[in-house]
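Here is the structure we will look at.
Letters A, B, ... are given to chains in the order of the sequence lines, protein chains preceding strands, and every chain is numbered from 1.
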Number of protein chains: 2
Amino acid sequence: MTSQPRRPQTVKVRDVARAAGVAVGTVSRVLNDRPTVTRELRERVERAMADLGYEVDVTAQSMRAGRSRLVACAIRDFDIPRFALFIKEAEAVLREAGYTLLLASTTNRPEVEISLLRAFRRRRVDGVMMTLSDEAHRDVRQALAEAPMPVLLIDRDSIEALDRVTADHRLGARLATSHLLGLGHRRIAMLVGDIKAFPSRSRLEGFREAYSAAGITPDSRLLRHNVLSSEDAYRATASLMNLADPPTALFVAAMDMLGGCLRALRTMSIDVGDGISVVAGSDSDLAELHTPPITAIEWDLAAMGRHAATMLLERMRGDEIERGRGLTVPTELIIRGSSRSLAR
Amino acid sequence: MTSQPRRPQTVKVRDVARAAGVAVGTVSRVLNDRPTVTRELRERVERAMADLGYEVDVTAQSMRAGRSRLVACAIRDFDIPRFALFIKEAEAVLREAGYTLLLASTTNRPEVEISLLRAFRRRRVDGVMMTLSDEAHRDVRQALAEAPMPVLLIDRDSIEALDRVTADHRLGARLATSHLLGLGHRRIAMLVGDIKAFPSRSRLEGFREAYSAAGITPDSRLLRHNVLSSEDAYRATASLMNLADPPTALFVAAMDMLGGCLRALRTMSIDVGDGISVVAGSDSDLAELHTPPITAIEWDLAAMGRHAATMLLERMRGDEIERGRGLTVPTELIIRGSSRSLAR
DNA sequence: CTCGGATGATGAACCGGTTCATTGACTCCG
DNA sequence: CGGAGTCAATGAACCGGTTCATCATCCGAG
């Protein structure tokens, strides 16, 4: 007998089998709802399990089965309020299907993404949903290609071999920009995140499309990218408004950056609506209840979460599906008082 | 030979051992950084692992060791923006220590809490952090008492046998209420969550303390509890303001309910500050950037997350610690323009 | 030269379920 | 009545690491 890691005595299939007077295999079949068990034995086993307070060890099940019933979700940073909606819905769908959600944040760094992928495979995680900081990153792409489990990308779209769930950020940005151009604005500043990755890149494309559709060329000095925190947004806004020729409209395209922008405008005593028009890249209580209320792009993050979980479940079931399905959730523009026509 | 669940061929300790020309036990010792391995063998083993692209199977490790290096976090509902801060920090501390975070939401229902606890023990989770919908619930208390792993309560304090991390909500509510009383308000309405559980109960206590300190009795008809969603807050606010004798101040004590309240006031064309004073139970971009800015209670949720993770780690290490430590994070009141003295 | 002790390596047993080849009982039919 | 076929139940082998009793080697002391 080798050593016993000290641990409270637990009831095992063996014990249940003995108590019910059956073989361990029978207990296992009862546990897994196999049809080939007579009602009488099933009942005896179930009674024994209840009497002894038996509980399966998922670890042991996972080991033999080679799957863990774990799904990992790794996103840039989960203190983005609206993102929580995505996770919440995804978790609900996964739990319903018997899976448990593992959560980790990548802090938007490729090396963390790679090391998380490794950690996930060590845990024999059955599926992964994640964002990427840089879709073109060599090592990340390699790690994704080598991942033994299905991976679904959240709001990233350039890797065709993988399933993707995205919002139509290009459309949203085009709508927002066209709206401002239609109001007479010509100097529109844009605050976006990392344009190496999908959402910001798409937003920039939408922005440029709207400009070309209007036959105008945007002033590239009014573009601020790598705006990833509220502080970044604050600084970017301040520097834009300090230009000799400041913008007449601000398109705060990155998610959840509106606060930093408004804080800067307030510090500089610039009135939203009068002094400058503002459009937010995502809706929020703040956008809705601000004075004046802020025009914003909106989409259904809860639906994204549900779709992501559902698609991943299908993939994990090994259904015969084409490689790399993309699903896009539409965006729309909610026009409010913060975007006004340019009085000349 | 029994069946092989079809699965990509993986490299195992056996293979590494063969390639390095050592015993499996030696490979295991290298993996776990045991000191009793000569440098030469260690290097040979490490080279073999690199050559073969070996990766340990955490499932197998967990099985033998009886621990999973998983920590579960179950909270009411993680679409509470500021709560994400807690999770983010806790996850960072846990990951640093080699643990992975499992996430689930209880939707504030005792039966879900119980079933999650059961699921966690089936997974041999090493520790749990959670909120409770009702600290007095018999079955929940029983499930907690029977849990084989340490459990830490988040913002709940009545179960002395367990570790707890709380914010001083009683203090916050007392500060907020005293502030309003000091401004001359006598009819202060309060919106709270479920007063069966800690944070709302404590807030109510703080509220009452402030009233008794002032020698006044609050009007109980101005108390609205079970305000758990933005819609609840909207309805509660509307019904309060429709009273024959409406309140002069609103204390929206529940977390993240400010939006619903402000929405109702705007619908009813009641001006914050002039028509009614408002104090929020938690700070947010919305509170800060509203016009007028909203007086709010603030505390450090990130620190709570760090402390929770640290305390749980100590407990999981089995350090000799007294049962049930409580840690309280202070709250403070940020006074802004939404709370004004009552013009008579 | 021998013996005791220290050090490092070995590999079989073990963790707790699941699987499947095998067995046993029973039915059906010629 | 015998043989084929059906269906449940059995239990040993297995999943992939970890552990520890045992063994081999080496060194220094006597």
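Here CZ of Phe198(A) is found 5.5 Å from CG of Asp155(A). Values are rounded to the nearest 0.5 Å.
Note on Asp163(A) versus Arg325(A): salt bridge recorded, some NZ/NE/NH1/NH2 to OD/OE distance being below 4.0 Å. Comment: Arg122(A) does not engage Asp57(B) in a salt bridge, judged by the lack of any side-chain N to carboxylate O separation of less than 4.0 angstrom. Ionic pairing of Asp77(A) and Lys88(B) is present here: one or more N-O contacts between side-chain nitrogen and carboxylate oxygen are shorter than 4.0 angstrom. Under a 4.0 Å N-O distance rule, the pair Arg156(A)/Glu135(A) does not qualify as a salt bridge.
Mapped onto DNA chain C by nearest heavy atom, Pro35(B) and Ala60(A) fall at different nucleotides, with Pro35(B) at the one closer to the 5' end.
When rounded to the nearest whole Å, the span between CG of Leu41(B) and P of dT10(C) equals 7 Å. Distance CZ (Arg39(A)) to C1' (dC7(D)): 17 Å, rounded to an integer number of Å. For the pair Arg18(A) CZ and dG17(C) P, the computed distance is 13 Å after rounding to whole Å. For the pair Arg67(B) CZ and dT18(D) C1', the computed distance is 10 Å after rounding to whole Å. The distance between atom CZ of Arg64(B) and atom P of dA13(C), rounded to the nearest whole Å, is 13 Å. In this structure, NZ of Lys12(B) is placed 10 Å from C1' of dC14(D), rounded to the nearest angstrom. When the C1' atom of dA9(D) is taken as reference, atom CD of Glu40(A) falls 12 Å away, rounded to whole Å. In this structure, the CZ atom of Arg122(B) is 22 Å from the P atom of dC15(C), given to the nearest Å.
Residue Thr38(A) places at least one side-chain N or O under 4.0 Å from the OP1 or OP2 atom of dA9(D). Gln61(B) has a side-chain polar atom (N or O) that falls below the 4.0 Å cut-off from OP1 or OP2 of dT18(D).
Nearest to the side chain of Arg124(A), among dG17(D), dA9(D), dA8(D), sits dG17(D). Closest to the Met63(B) side chain, of the nucleotides dG17(C), dA9(C), dG16(D), is dG16(D).
In the model, Thr100(A) has a side-chain atom that pairs as donor or acceptor with a side-chain atom of Arg123(B) under 3.5 Å. Under the 3.5 Å distance criterion, with hydrogens and angles disregarded, a donor-acceptor pair is assigned to the side chains of Thr166(A) and Thr328(A).
When heavy atoms are screened at a 4.0 angstrom cut-off, Val37(A) is found touching the sugar-phosphate backbone but no base atom.
Side chain of Ser62(A) to main chain of Val58(A): a donor-acceptor pair is present (N/O by atom type, distance under 3.5 Å, no hydrogens or angles). A donor-acceptor pair is defined here as one N or O able to donate and one able to accept, closer than 3.5 Å; such a pair exists between the side chain of Arg164(A) and the backbone of Leu162(A).
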- Base-pairing string, 5' to 3', of DNA chain C - Watson-Crick or wobble, under 3.5 Å, | interstrand: ||||||||||||||||||||||||||||||
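Looking at residues 22-34 of chain B, you'll see Gly25(B), Ser28(B), Leu31(B), Asn32(B), Arg34(B) sit with a heavy atom under 4.0 Å from some atom of DNA chain D.
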